Amino acid sequence: MKNTEIIEILDNIAVLLELKGESIFKSRAYQKAARSIEFLSEEVDKLVSEERLKEIPGVGDAIAQKLTELVSTGHLDYYEKLKAEFPPGINILMEVPGIGPRTALLLTKELGIADIDSLEKAIENGQVAELPRMGEKTAQNILRQIKAYRKKKGEQRVPVSTALTAAEILMEEMHAIAGIRHLSPAGSLRRFRDTIGDIDLIGTADNPEEAIEAFIQLPSINELQEKGPTKASVIINNGLQVDLRLLSNDAFGSALQYFTGSKQHNIELRTRAARLGLSLSEYGITDIVTGQLETYISEEAFYKRQGLEYIPPEIREGLHEIELAEQSKLPHLIELSDIKGDLHLHSDWSDGAAPLEEMIAGALEQGYEYVAVTDHSPGLGIAHGLSIDRIQQQLQLISELNRKYSDIHIFSGMEVDIRANGALDVPDEVLAKLDIVIASIHSGMNQGIDQMTKRVISAVSNPHVDILGHPTGRLLGEREAVEIDIEAVFKAALDHQTVLEINATPSRLDLKDTHIYQARQLGIKLVINTDSHHPEQFNFMRYGIGIARRGWCEARDILNTLPLAKFKASLKS
DNA sequence: GCCGTTTTCGGCCCGACTGTTTTCAGTCG
């Protein structure tokens, strides 16, 4: 059984336990186990057979037993029985914002509601408002949330790049508000998750209440959801929800930390702080004995007070970052300035939007030492893939450009298509003439897992292939990743010294964070490429860096941080 | 259900906002 299926079942159990009214901590235990498995670099199947399940943080006797049953029989009695206690679909109700387990259960018990359509009807005929602790206003709020939920369904989360751009525009507008001092994205946006549900902004102001009033008047803001003296929730023009929280100036460090999360990270941080006699909140750190509150303007000082190294936002996921921070053993995460070159670009020789020389100029502007030209192979007719003849011509042009530009080395290359049968689109003797070969899948994405895995491994095993491009083929919000045995691909990459790409194109971010984490643990070499089709797109590198940091990458894990000579030496051929 | 500088039981992060209540439950992050 795949880890993703196991994660889904554990998460479902957590929801059902909440519905059942079981201890919230029991539910949380299942969630924690699910999150741990998400970051696991091994299959749960394997851990079961080796009796190593309890090495997973958050897995104790009870969950280990359930995982064993699940993996060996494909079935979990406990889960099936739990599911049978509720009308199927009741968890759908909880997807509506404002409906939690108590309300969902109330609706089901009192009115027999287990789907959104019946809920809507029950609100309209007044039944919901009559329930205990409900009222007309609550009922109407739920109705409003249902409408928003339907409108947004399917496109609820946006790529991190979309959210980041929107947040930057909004923050620019906010600089005009008097008295706002610090301002930063927080939440999943600051942690750089690949997709974002809503934007959290955290700031400080001389007079938060006045600043909130000014904020809700800004041109970007379309609809007010709720507001109080220190916070406001709004919908901005592109449909995204923004939650703003403003505090007094001296609390910025603690507030930024608090609202950056993740939830799991904060729970672990607070539990640990309590053992030290400290209580954490957005306002600072309170000594439990004296009741004295200390405030922190910087996050660094906030962590330091707890005896911890500064933990970068991207790895605050409750994995084992706090333990490592305690021992000053956190990785030194890669930064944008570490990147020395970009190895995946397209010019107007294939489907790029700019002449080759303009792309080179763009790379120079980034300050890169080297760049690889990787137009498409012939099979990709739709992208004007290069014929063998044109490959020869381009090779000549590249050697001319190398003579012309002394500040940057231009590698010849190609993004060669992996055909449905696993063969490459260009003969080996031609590939042998190129410095860098990226192999990627662009068609036949719906093959079964076995065929797809074989196909990709066959490309990865080719001695001329240096890099596997956008390995899983996902497009955020548009197309799921192909079905592939990623661990088998990892093994092949390791065996054949093939590099895996972290594609930084905002809609791709492929490999994703957890895969990057696993690949890195296995010692697989990675590169971060923008796949630029225009000189401006070299700026996509920041997204690749963000996702690589979420995968705990240091500069040494990423080959294109190497200076030119060392990078050359690291290539296969 | 997990876990241990409170170690095999008794804890488990903390606060804002809303709407319903006369002091708080539910939800969210």
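What you see is a predicted model, and the numbers here were worked out from it, not measured in a lab. Lettering follows sequence order; numbering is per chain, from 1.
- For the pair A/K26 and A/Y30, the cation-pi test (distance below 6.0 Å, angle within 45°) is failed.
- Taking atom C1' on both B/dT8 and B/dC14, the two are 28 Å apart, rounded to the nearest angstrom.
- The main-chain N or O of A/R316 is never found under 3.5 Å from a side-chain atom of A/E321 such that the two would form a donor-acceptor pair.
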**Complete:** 5' to 3', nucleotides 20-29 of chain B under a 4.0 Å protein heavy-atom cut-off (B base, S sugar-phosphate only, - none) gives S---BSSSSB
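- Counting any heavy atom pair closer than 4.0 Å across all strands shown, A/E282 reaches sugar-phosphate atoms only and no base atom.
- Contact annotation for A/T230: backbone-only contact, meaning every heavy-atom pair under 4.0 Å involves sugar-phosphate atoms and none involves a base.
- Look at the P atom in both B/dC13 and B/dT5: the space between them is 16 Å, to the nearest Å.
- Rounded to an integer number of Å, the gap from A/N266 CG to B/dG15 C1' is 12 Å.
- Taking atom CD1 of residue A/I267 and atom P of nucleotide B/dG15, one finds them 14 Å apart after rounding to whole Å.
- Remark: C1' of B/dG19 and CG of A/L106 are 14 Å apart, rounded to the nearest angstrom.
- Listed by chain and residue number, A/R245 satisfy the salt bridge (Lys or Arg N to Asp or Glu O under 4.0 Å) test with A/E282 (two or more places apart in sequence, or in another chain).
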**Prompt:** Would A/K231 and A/D243 count as a side-chain contact (heavy atoms from CB on, under 4.5 Å) if you check the C-alpha gap in whole Å, the side-chain angles of each, and the deciding distance to 0.1 Å?
**Reply:** CA-CA 7 Å; A/K231 68 173 279 188; A/D243 295 328; 5.8 Å; no
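- Between B/dC12 and B/dC17, the two C1' atoms lie 24 Å apart (nearest whole Å).
- By the 4.5 Å heavy-atom criterion applied to side chains, A/I56 and A/I63 are not counted as neighbours.
- In this entry the distance linking CD of A/Q264 with P of B/dC13 reads 9 Å, nearest Å.
- Base pairing of B/dT8 is not made with any nucleotide, judged by Watson-Crick or G-U wobble geometry with both donor-acceptor distances under 3.5 Å.
- B/dT20 sits 16 Å from B/dA25 when the P atoms are compared, rounded to a whole Å.
- The two residues A/R35 and A/I7 come nearest to each other via the heavy atoms NH2-CG2, 3.7 Å.
- Applying the 4.0 Å criterion to OP1 and OP2 of B/dC12, one finds that A/T271 has every side-chain N and O outside that range.
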**Item:** Under 4.0 Å protein heavy-atom contact, by nucleotide of nucleotides 1-6 of chain B - B base, S sugar-phosphate only
**Value:** BSS--S
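- Summary of the strand contacts: A/E268 and A/G228 both lie near DNA chain B, and taking for each the nucleotide with the nearest heavy atom, the more 5' one is attributed to A/E268.
- Comparing B/dG15 with B/dG10, their C1' atoms sit 24 Å apart, to the nearest whole Å.
- Here the P atom of nucleotide B/dG19 and the CD atom of A/Q145 are 11 Å apart, to the nearest Å.
- Here the shortest heavy-atom pairing between A/I99 and A/L107 reads CD1-CD1, 4.3 Å.
- Between B/dG11 and B/dT6, the distance separating the two C1' atoms is 9 Å to the nearest Å.
- Looking at A/Q140 and A/E136, their side chains do bring a donor and an acceptor atom within 3.5 Å of each other.
- When side chains are defined from C-beta on, A/I169 does not count as touching A/I236, because their heavy atoms never get closer than 4.5 Å.
- Across all strands, A/R28 comes closer than 4.0 Å to base atoms (heavy-atom distances).
- Contact of the A/H75 side chain with the A/M1 side chain is not registered, since no non-hydrogen atoms from C-beta on lie closer than 4.5 Å.
- Per the geometry, CD belonging to A/Q140 stands 17 Å off P belonging to B/dT18, to the nearest Å.
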